[in-house]
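Here the structure is a predicted model, which means the values were calculated and not measured.
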Amino acid sequence: CATAPSGPVDYSGRLAVTVAAEGDRPAQSHSAAFELGGDAHQGHLRLLSPLGTVVADASWEADRVRLETGDGPRDYPSLEALAEDTLGQAIPLGALLAWLQGRPWNGASHEADAQGFRQLGWVVDTHALKLDGTLLARREAPPVVTLRARLDH
Amino acid sequence: AGAADALRAFVQDAKAGRASFTQTVHAPNSARTKVSTGRFEFSRPNRFRFEYQKPYAQTIVSDGEKVWFHDPDLNQVTVRKLGDALGSTPAAILAGQSIERDFDLKDQPDQDGLSWVLATPKGKEGTIQSLRVGFKGRSLSVIEIADSFGQRSVLQFADLQILPSLPASTFHFAVPAGADVSAP
């Protein structure tokens with residue numbers, strides 16, 4: 001039984017990622033409920049089905065990320081490598097932790113804009129986070145990736 | 001006792017139906033639970049509609065070929081081929097036709113006024129380890145899902161109506177205007 005340590009949950013909600021079509025690769029979309037705890041250095045992210053069962057569980061510390069799914073554990077050097085392998089795109093999951101708190105990640109430069117800020121080639125709209133817990137992030141460079149998160153109250 | 005027979009009879013005789021449900025998810029080594037409520041309809045083979053209403057709306061519809069998942073808050077519609085999506089989920093109990101092919105069934109002691117059967121998926125894909133199905137007499141009452149992470153999800157049914165059939169239109173999903181639809 002692959003019971004991963006499920007530490008304190010700081011954020012829970014729903015996440016949808018859409019990757020635009022590119023060449024002969026069709027558009028992709030993934031969505032799941034999530035539970036997130038810790039920070040970019042040490043933490044865990046759990047993806048859940050609508051039924052409440054765990055679809056995937058990632059835990060990380062220093063430079064090792066372990067992903068547990070139904071078919072055994074896999075290790076990655078970084079969260080971005082994990083995102084690249086599972087979603088086909090190097091989504092900055094480490095930065096996402098800060099974005100969900102409505103602020104830029106302190107690991108890279110950023111420029112403020114009306115709705116939030118730009119960072120790592122993403123336009124991050126945090127204005128609705130306080131209203132209804134919605135975060136919208138969009139990577140402009142093709143294939144365009146759209147990430148929508150909705151935090152539970 | 002005799003829940004395995006009740007389950008076989010349910011899969012055999014309950015061609016279609018509807019009910020409301022309460023879903024309570026228990027996380028391992030924590031008191032954290034998450035409760036959702038909604039309604040569902042099913043029609044064998046392979047058609048079902050799960051409409052979660054609280055705490056937020058989400059809809060899962062299978063027309064027997066494809067499975068649509070809609071989250072209005074995220075304005076997202078995901079479409080997957082049904083394939084073996086039934087697999088070892090409760091939908092296999094509700095809309096499947098070959099319970100013996102997909103699960104090993106084992107009667108369990110009565111508990112909480114229900115008779116129980118443990119249904120262990122024969123296929124090894126996915127993270128669902130087992131389902132426990134509870135019957136009040138011949139009436140389906142509870143499905144408990146245990147996954148390999150120690151997460152436990154309990155689906156309690158109410159106002160279960162068994163019907164001879166339901167129209168195919170019940171399991172048609174109309175994509176809302178402006179929703180972002182993606183099919184891998």
**OP:** Please indicate whether B:K54 has more than 12 foreign heavy atoms, meaning atoms of other residues, nucleotides or ligands, lying under 6.0 Å from its NZ.
**Re:**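 Result for NZ/B:K54: open.
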
**OP:** For atom NZ of B:K66, decide whether the heavy atoms of other residues, nucleotides or ligands shown that lie under 6.0 angstrom number more than 12.
**Re:**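 No, the 6.0 Å shell around NZ holds no more than 12 heavy atoms from other groups.
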
Subject >> Within 45° cone and under 6.0 Å: A:R14 NZ/CZ vs B:Y56 ring >> reply: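 Relative to the ring axis of B:Y56, which defines the angle, A:R14 lies inside both limits.
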
**OP:** With sequence neighbours left out, write down each residue that passes ring pair (Phe, Tyr, Trp, His ring centres under 6.0 Å) with B:F50, or none if nothing qualifies.
**Re:** B:F21, B:F40

Does one hydrophobic cluster hold both [X] and [Y], with members joined at side-chain heavy-atom distances below 4.5 Å?
| X | Y | value |
| --- | --- | --- |
| A:V145 | A:L87 | yes |
| B:F42 | B:I99 | yes |
| A:W60 | A:Y11 | yes |
| A:L67 | A:L96 | yes |
| B:V25 | A:L36 | no |

Original post:
Between OG of A:S31 and CG of B:D73, what distance do you get to the nearest 0.5 Å?
Top reply: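 Answer for the OG-CG pair, A:S31 versus B:D73, is 11.5 Å.
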
**OP:** Report the distance from atom CG of A:L51 to atom CD1 of B:I145, rounding to the nearest 0.5 Å.
**Re:**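 A:L51 atom CG to B:I145 atom CD1 measures 4.5 Å (nearest 0.5 Å).
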
Interchain contact, [X] with chain B, by part (heavy-atom threshold 4.5 Å):
| X | value |
| --- | --- |
| A:L48 | side chain |
| A:D152 | side chain |
| A:A149 | backbone |

Subject >> salt bridge (charged side-chain N to carboxylate O under 4.0 Å, His left out) partners for A:E140, two or more places apart >> reply: A:R138

Subject >> Donor-acceptor under 3.5 Å (B:Q76 side chain, A:L15 main chain) >> reply: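 No; zero donor-acceptor contacts below 3.5 Å.
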
Side chains of [X] and [Y]: closer than 4.5 Å at any heavy-atom pair?
| X | Y | result |
| --- | --- | --- |
| B:D71 | A:R150 | no |
| B:Q151 | A:T53 | no |
| A:V55 | B:F149 | no |

**OP:** With a 4.5 Å cut-off on heavy-atom pairs, point out which of B:L74, B:T24, B:T127 contacts chain A the most.
**Re:**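 Maximum pair count with chain A is reached by B:L74.
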
**OP:** Considering non-hydrogen atoms only, spot the tightest contact between A:G52 and B:Q23 and give its length.
**Re:** N-NE2, 4.0 Å

Original post:
Yes or no on side-chain hydrogen bond (donor to acceptor under 3.5 Å, both in side chains) for B:T78 and A:S29, after CA distance, side-chain angles and deciding distance?
Top reply: CA-CA 6 Å; B:T78 306; A:S29 84; 3.1 Å; yes

Subject >> Interface moiety of B:I128 toward chain A, non-hydrogen atoms closer than 4.5 Å >> reply: side chain

